[in-house]
Amino acid sequence: LGICHGLSGRVAVGAEGTLLVHANGAWQSVAVADVGKATLRSVACGGDLAVAVGDQGWVVAIDLAGTMAPKATKVASVALHAINWRDGKFFVVGDKPPGDGPVLVSGNGKGLWLSAWPAGTVTPTYKPLRAVVALPDNALLIADREGHVVRIDAKGATDESTERLDLRP
């Protein structure tokens, strides 16, 4: 479902915990026992670190310049759908836990994941998220499963959708 290219190799992810690493001229399957049969939906590379996200809130990090041993961490109770990297940070989006807004977190891929929502944002009003793009001006574009596009920055959230989806017949 996803592929990325880092400084020392490539990573592809897919259904039932599939994780493939291309290094030294060949693709190798890498077992990630912790995630079981959870689908890994997206992967992003930042330098020599690849980070994949998937069902049941799994995040899997692989150091492409090191042992390539995957480190799996559960950061949410819901599916994570997309990841993007920019300027040393990974940004992850996903579904909505009960009674809360959709997952939008950031981190360096090796440790703590923190909310990337601007302070004061009322997150339960947002639909589950499916895409994220980190922009050069430290803003994010996020898209939900219904096609709404929102720009997130330190000032808050702005609807960037090209059509008023709430006015559809």
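The salt bridge (charged side-chain N to carboxylate O under 4.0 Å, His left out) contacts involving residues 47-74 comprise R41-D55, where partners must be two or more places apart or lie in separate chains.
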Check step by step if side-chain contact (heavy atoms from CB on, under 4.5 Å) holds for S106 and K89. CA-CA 6 Å; S106 67; K89 270 191 183 173; 4.3 Å; yes
Begin from the C-alpha positions of V105 and V93 and carry the test side-chain contact (heavy atoms from CB on, under 4.5 Å) through to its verdict. CA-CA 7 Å; V105 294; V93 297; over 6 Å; no
Candidate pair L1 and T39, rule side-chain contact (heavy atoms from CB on, under 4.5 Å), full reasoning: CA-CA 9 Å; L1 294 176; T39 294; 3.4 Å; yes
Steps toward side-chain contact (heavy atoms from CB on, under 4.5 Å) verdict (V60, V51): CA-CA 6 Å; V60 180; V51 179; over 6 Å; no
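D153 contributes atom CG, which lies 6.0 Å from atom OG1 of T158 (distance to the nearest 0.5 angstrom). Rounded to the nearest 0.5 Å, atoms CG (L114) and CG (L104) are 11.5 Å apart. Between atom CG of residue L140 and atom CZ of residue F91 there is a gap of 5.0 Å, rounded to the nearest 0.5 Å. Here the CG-SG distance, from L64 to C4, works out to 7.0 Å after rounding to the nearest 0.5 Å.
Following chains of ILVMFWY side-chain contacts shorter than 4.5 Å, one can reach V53 starting from L49, so the two form part of one hydrophobic cluster. Hydrophobic clustering (side-chain heavy atoms under 4.5 Å, transitive across Ile, Leu, Val, Met, Phe, Trp, Tyr) groups V75 together with I83. In this structure, V13 is a member of the same hydrophobic cluster as V35, with clusters built from ILVMFWY side-chain heavy atoms closer than 4.5 Å. In the hydrophobic clustering of ILVMFWY residues, with side-chain heavy atoms under 4.5 Å counting as a link, V59 and V30 come out apart. Hydrophobic clustering of Ile, Leu, Val, Met, Phe, Trp and Tyr side chains at less than 4.5 Å, counting indirect connections, keeps V43 apart from V92.
Other residues, nucleotides and ligands contribute only 12 or fewer heavy atoms inside 6.0 Å of the CG atom of N24.
A salt bridge links E16 with K37: the distance from a Lys NZ or Arg NE/NH1/NH2 to an Asp or Glu carboxylate oxygen falls below 4.0 Å. With respect to the salt-bridge test (charged N to carboxylate O, under 4.0 angstrom), the residues R151 and D137 qualify.
Taking the side chain as every heavy atom from C-beta outward, Q56 and L80 never approach each other to under 4.5 Å. Contact check for I152 versus P118: side-chain heavy atoms found under the 4.5 Å cut-off. V103 has its side chain within reach of V78: a pair of non-hydrogen atoms, C-beta onward, lies under 4.5 Å apart. Within the 4.5 Å cutoff, the side chain of H81 has no heavy atoms near those of the P128 side chain.
Of the options D34, V32, T73, a side chain to side chain contact (heavy atoms under 4.5 Å, CB included) to W58 is made by D34 and by none of the others. Among V150, L135, V132, the single residue meeting the side chain to side chain contact (heavy atoms under 4.5 Å, CB included) criterion with L141 is L135. Tested against D95, the residues K127, R130, R145 include a single salt bridge (charged side-chain N to carboxylate O under 4.0 Å, His left out) partner, R130.
Other members of the cluster containing L20 are I3, W27, with ILVMFWY side chains joined at under 4.5 Å, either directly or via other members.
For the residue pair D159 and H148, no side-chain donor N or O sits within less than 3.5 Å of a side-chain acceptor on the partner.
Closest non-hydrogen pair, G6 versus C45, comes out as N-SG, 3.6 Å.
Counting only distance, with no hydrogens or angles, the side chain of K96 and the backbone of P124 share a donor-acceptor pair below 3.5 Å.
Here Y126 pairs with W117 under the ring-ring contact (aromatic ring centres under 6.0 Å, His included) rule; sequence neighbours left out.
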